[in-house]
Each structure stands twice: as C-alpha cells, then as structure tokens.
Amino acid sequence: MRGFALAAVLFGSACPALAQGSDSPWLVEYDGEATLVVAPGGSSDTAPERENALYEVGLGLTAERTFQSGWTLGGRAVFRAARDHPARPAGTRNLFATDLQRLGGALSRLSAGPLNIDEGPRGSLETAYLFLDTGYGEFSLGRDTGVAARFHEGNVSALSRSTLVDPDLDVSGIAAINTRPDITGPSVKLSYVTPRLLGVRAGVSYTPRADVRGLDRDATESGDPFRPELENTVEVGLNASRRLRESGIRLRAGLSYSTAELDVPTALEATYDDRIDVVSVGGEIEWQDTYRLGLNWLGADEGLPSGGDYSAWSVGLGYERDDWTASLTYGEAEIDAVAAESSGVSLALARRVNDYISVAVSWQDRELDLDATALFSSDVRGPRSDGVVFEVTLEFEK
C-alpha cells in the first residue's frame with residue numbers, strides 16, 4: 001500500500017500546482033463499441049455445445065487537461081456488458097472432466113470439474129483510473145490494465161472479439177489458449193510507464209489485491225474455495241517499436257515478467273506454493289504496410305508445486321489492403337494443472353464497411369485433449385468444436 005500512498009501524494013500535490021495560471025479547457029471525448037458474434041450450424045463433440053449468438057457492448061469516457069507546464073491530467077472510465085458462453089464466465093471455467101470440483105491453476109483459473117452455471121449477461125466497470133502524464137513518464141492509479149498486458153505484442157488477427165487466442169467472446173466454450181499476461185484483470189493498481197526513448201519504453205504496475213471480477217478475467221475466488229487469490233502483484237515490462245526507413249519494415253516486441261503472492265485457503269496451504277511467476281514474450285514484423293507476422297509465448301507457474309505449469313504460444317499471419325483484412329492463426333496450450341492440451345486454428349476475412357461498421361467471417365477449429373499430459377494417460381479425448389463464425393462490430397468515437 002506504500003505505492004498507493006505515494007500516488008495519492010503525487011496527484012494531490014500536482015493538481016493545485018498545475019491549475020495555477022492555466023487557461024487550457026478540459027478536453028472530453030467519449031467512445032463506444034458493440035460486437036455481435038453469430039455461429040450458425042457448426043459441430044461440437046461432447047459438452048459444451050456451441051453457442052449461436054454472443055454479444056458485447058462498451059461505453060468509454062475520457063477527460064484530460066494540458067497545463068502550461070506541459071503536463072496532462074486526466075481520467076478514463078469504461079463500462080462493458082456482455083453475454084459470453086456459459087461454460088466460461090469471466091474466462092474462468094471447469095473443464096468438465098469430473099463430477100467433483102478439483103484444484104484450479106492460479107493463473108489460467110482452469111480446473112477439472114463439472115460444467116459452470118450459466119449466469120447470463122453481465123456488466124462490469126472495467127476501467128476507472130486517473131492519470132498524470134509528465135515529461136518523465138505517465139503515472140496512473142485505479143482500475144486499469146497492467147503494463148504486462150499493455151506491452152503485449154504478437155497477436156495477429158482480422159477478428160475483434162472472437163479471436164482464436166485470448167478471445168473476449170468464445171462460441172465454443174473450450175478456448176484455453178491465452179498468451180496475454182493479464183493476471184490481475186481490472187483490479188485497482190498503480191502503474192508507471194517511461195517515455196519512449198529510441199523506440200523503447202519500460203513500465204511497472206503494482207496491484208495490492210486482485211479482487212475484481214472482470215468480464216474477461218476473474219481474478220477472485222468467485223465463491224470457489226479451490227482457487228486462490230493474488231496479492232502484492234508486481235508487473236514489469238519492456239516494449240519496443242522501430243521502423244526501418246530504408247526497407248519500410250516495422251518491428252514491434254514486448255517482454256514482461258509478473259509475480260504475485262497467493263492468498264490460499266487454510267485447508268489448501270500445503271497444496272499451493274506461496275507465489276506464482278509469469279513470463280511473456282512476443283513480437284511482430286510488418287512489411288510493405290500490408291503483411292504482418294506475429295509470434296508470442298507465455299509461460300507460468302500456476303502455484304501448484306506438483307508440476308502445475310501453464311504454457312501457450314501462437315503464430316499469426318495477416319494481410320491488409322484497403323478496407324480488407326485477412327489472417328491465419330494457429331495456437332497451442334499445455335495445462336499441467338488438469339493434464340490437458342489445447343490447439344486451434346482460425347482463418348478469418350474482415351472488411352471495414354465505413355467509418356463505423358466492420359464485418360468479418362472466420363472458420364475456427366478448436367480441440368481440447370483431456371488427460372493428455374498425465375503420467376499414466378488414459379487417452380481421454382476432450383471436446384472439439386469447429387465451424388463458421390460471423391462477427392459484426394460497430395464503433396464510434398467523438
């Protein structure tokens with residue numbers, strides 16, 4: 001909590017000084033986005049069944065003021081609501097491998113157990129923070145994304161929400177390939193990001209307690225005594241962006257490390273470790289302002305001492321010309337906590353109709369092999385889901 005006290009002093013002392021002698025008005029902007037995902041037909045082996053229609057809407061508001069000193073003070077708030085697959089509320093779900101609840105990974109939040117209960121549409125205040133942008137970097141305090149996820153690079157897709165990797169909306173209910181290192185969700189945190197120097201910037205985030213259940217990331221127990229909560233999470237990251245003028249090639253890369261203490265129920269103290277560690281690396285190359293190639297990898301200790309690691313990787317190739325975008329993505333994940341493996345492929349084509357609307361169609365194939373990495377594998381084949389997915393996105397900014 002020392003970092004939060006320091007941030008309060010920083011904001012409290014800076015605001016009166018900034019306000020003196022400044023005639024700059026407040027700049028207020030608002031934005032919104034709505035996405036509909038439709039999956040007609042398709043096939044699904046074993047539970048869960050494919051969902052035919054999912055949606056998400058979001059409204060955002062940003063207010064900022066630049067002062068004579070050159071510093072900028074502001075804030076941002078975003079409310080999102082969605083109906084996702086009932087088997088993966090907030091990205092936390094059981095893999096229905098058993099009728100009894102089992103231990104879940106501290107990062108992936110995956111566990112072997114019965115199907116989750118459909119909670120229907122949900123809403124969440126995903127973002128609510130203040131920021132102070134100075135010549136020495138930007139400070140932010142409140143509900144925000146940590147620097148590890150902000151600096152993440154390498155996910156190439158023509159889709160908006162129904163992506164193969166780290167999807168916000170998943171019609172299959174078995175998506176388990178996650179390379180985005182977001183371990184705290186929208187929990188309250190303090191972050192600092194340096195200015196970009198020679199194309200490189202660094203950042204650090206501190207989250208005292210991950211106690212917010214967001215739409216896409218549930219960092220809480222959610223009433224499940226088999227999942228620990230995270231405390232004193234620290235994220236550090238580097239992000240680089242460079243354009244080679246002679247060739248026109250643009251390079252992007254992200255590297256991050258996150259660590260957190262585990263708040264484990266008393267009955268499970270001998271089962272979990274004291275902390276988890278997460279490493280993420282990814283990069284992207286773009287050439288001729290048309291082609292993109294991205295690759296990323298995430299590895300994590302799930303807090304389970306008996307070989308409970310999680311790892312995932314993906315590779316994507318994208319093509320963009322005028323209003324058209326196409327992508328081919330492949331990914332895999334290994335979930336030792338439940339001895340499972342996941343793989344998938346997605347081929348997508350999208351077109352921006354106008355300044356507000358874009359439409360996309362994709363063919364996706366996901367597979368989840370249960371008991372695949374167990375010492376004595378029983379060759380239990382998990383669910384497979386494949387078929388066409390349509391996505392329509394409406395967005396505005398004013």
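All values derive from a computational prediction rather than experimental measurement.
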Item checked: Salt-bridge present (Arg80, Glu56; N to O < 4.0 Å) -> yes
Notebook entry, point to check: How far does OG1 of Thr62 sit from CG of Asp31, to the nearest 0.5 angstrom?
Noted result: 6.0 Å
Check: Between Asp322 and Arg352, is there a side-chain N and carboxylate O pair less than 4.0 Å apart?
Finding: no
Next item on the list: Check whether any side-chain N or O of Glu126 sits under 3.5 Å from a backbone N or O of Leu215 as a donor-acceptor pair, and report yes or no.
Entry: yes
Item checked: Test item: Arg122 side-chain N/O and Ala82 main-chain N/O as donor-acceptor pair under 3.5 Å -> no
Margin query: What I want to find out is whether Arg209 reaches Asp211 closely enough, with some N-O distance under 4.0 Å, to be called a salt bridge.
Written below: no
Next item on the list: Please step through side chain to side chain contact (heavy atoms under 4.5 Å, CB included) for the pair Thr134 and Phe139, ending with a clear verdict.
Entry: CA-CA 8 Å; Thr134 74; Phe139 301 85; 4.3 Å; yes
Note to self: With a 4.5 Å cut-off on side-chain heavy atoms, are His152 and Pro181 touching?
What the structure shows: yes
Margin query: Using only atom types and a distance under 3.5 Å, with no angle test, would you say the side chain of Asn178 pairs donor to acceptor with the backbone of Arg180?
Written below: no
Margin query: Is it the case that the side chain of Ser172 and the backbone of Ile174 share a donor-acceptor pair, with hydrogens and angles ignored and the cut-off at 3.5 Å?
Written below: yes
Check: Counting only N and O atoms by type, is there a donor-acceptor contact under 3.5 Å from the side chain of Ser314 to the main-chain atoms of Gly331?
Finding: no
Checklist line | Non-hydrogen atoms of Pro25 and Arg65 that approach each other most closely | finding: O-CG, 3.9 Å
Item checked: Side-chain heavy atoms of Phe151 within contact of Val193, under 4.5 Å -> yes
Check: Just one of Arg252, Arg250, Arg242 clears the salt bridge (charged side-chain N to carboxylate O under 4.0 Å, His left out) bar with Glu284, so which one?
Finding: Arg252
Notebook entry, point to check: Using the ring of each side chain (for Trp, its six-membered ring), is Trp287 parallel, tilted or perpendicular to Tyr291, with breaks at 30° and 60°?
Noted result: parallel
Check: Would you say Leu159 and Trp363 are hydrophobically clustered, going by side-chain heavy atoms of ILVMFWY under 4.5 Å?
Finding: no
Check: Which pair of non-hydrogen atoms, one from Ser280 and one from Thr179, has the smallest distance, and what is that distance?
Finding: OG-O, 3.7 Å
Check: Do you reckon Val37 sits in the same ILVMFWY cluster as Phe390, going by side-chain contacts under 4.5 Å, direct or chained?
Finding: no
Check: Taking C-beta and beyond as the side chain, do Ile249 and Leu251 meet within less than 4.5 Å on heavy atoms?
Finding: yes
Next item on the list: Indicate the atoms forming the closest heavy-atom contact of Ile183 with Ser258, along with that distance.
Entry: CD1-CB, 3.7 Å
Next item on the list: Take Tyr356 and Phe396 through the test ring pair (Phe, Tyr, Trp, His ring centres under 6.0 Å) and record every step on the way to the result.
Entry: CA-CA 6 Å; Tyr356 306 101; Phe396 69 89; 7.9 Å; no
Next item on the list: Is it possible for you to say whether Tyr257 and Trp297 belong to one hydrophobic cluster, with membership spreading through side-chain heavy-atom contacts below 4.5 Å?
Entry: yes
Note to self: Checking Asp301 against Tyr310 for the side chain to side chain contact (heavy atoms under 4.5 Å, CB included) test, could you report, in this order, the C-alpha distance in whole Å, the side-chain angles of both residues, the deciding distance, and whether it holds?
What the structure shows: CA-CA 6 Å; Asp301 172 8; Tyr310 176 88; over 6 Å; no
Next item on the list: Would you mind checking if Asp166 and Arg217 are paired as a salt bridge, meaning a charged N to carboxylate O distance below 4.0 Å?
Entry: no
Note to self: Test your reading of the model: is there a side-chain donor-acceptor pair from Asp144 to the backbone of Thr127, 3.5 Å cut-off?
What the structure shows: no
Notebook entry, point to check: Could you give the distance from CD (Glu391) to CG (Leu36), rounded to the nearest 0.5 Å?
Noted result: 9.0 Å
Item checked: hydrophobic_cluster_shared for Leu59 and Val392, side chain cutoff 4.5 Å -> yes
Check: Do Arg161 and Glu33 meet the salt-bridge criterion of a basic N to acidic O distance under 4.0 Å?
Finding: yes
Next item on the list: State plainly whether the residues Asp289 and Arg243 are in salt-bridge range, i.e. N to O under 4.0 Å.
Entry: yes
Check: Roughly how far, to the nearest 0.5 Å, is the CD atom of Glu302 from the CG atom of Asp309?
Finding: 8.0 Å
Notebook entry, point to check: Is it the case that one hydrophobic cluster holds both Val171 and Val345, taking links as side-chain heavy atoms less than 4.5 Å apart, direct or via other members?
Noted result: no
Next item on the list: Could you tell me whether the side chain of Arg292 and the main chain of Tyr319 form a donor-acceptor pair under 3.5 Å?
Entry: no
Margin query: Is it the case that the side chain of Thr163 and the backbone of Asp168 share a donor-acceptor pair, with hydrogens and angles ignored and the cut-off at 3.5 Å?
Written below: no
Item checked: Those residues that, when tested against Ala210, pass side chain to side chain contact (heavy atoms under 4.5 Å, CB included) (two or more places apart) -> Thr184, Ser187, Ala219, Leu230
Notebook entry, point to check: Under 3.5 Å, is there a donor-acceptor pair between the side chain of Thr72 and the main chain of Asp133?
Noted result: no
Note to self: Under a 3.5 Å distance rule, please check whether Arg321 uses its side chain to pair with a backbone N or O of Trp324 as donor and acceptor.
What the structure shows: no
Check: Atom OG1 in Thr233, atom OH in Tyr206: separation rounded to 0.5 Å?
Finding: 8.5 Å
Notebook entry, point to check: Does a salt bridge link Glu51 with Arg83, judged by any charged N lying under 4.0 Å from a carboxylate O?
Noted result: yes
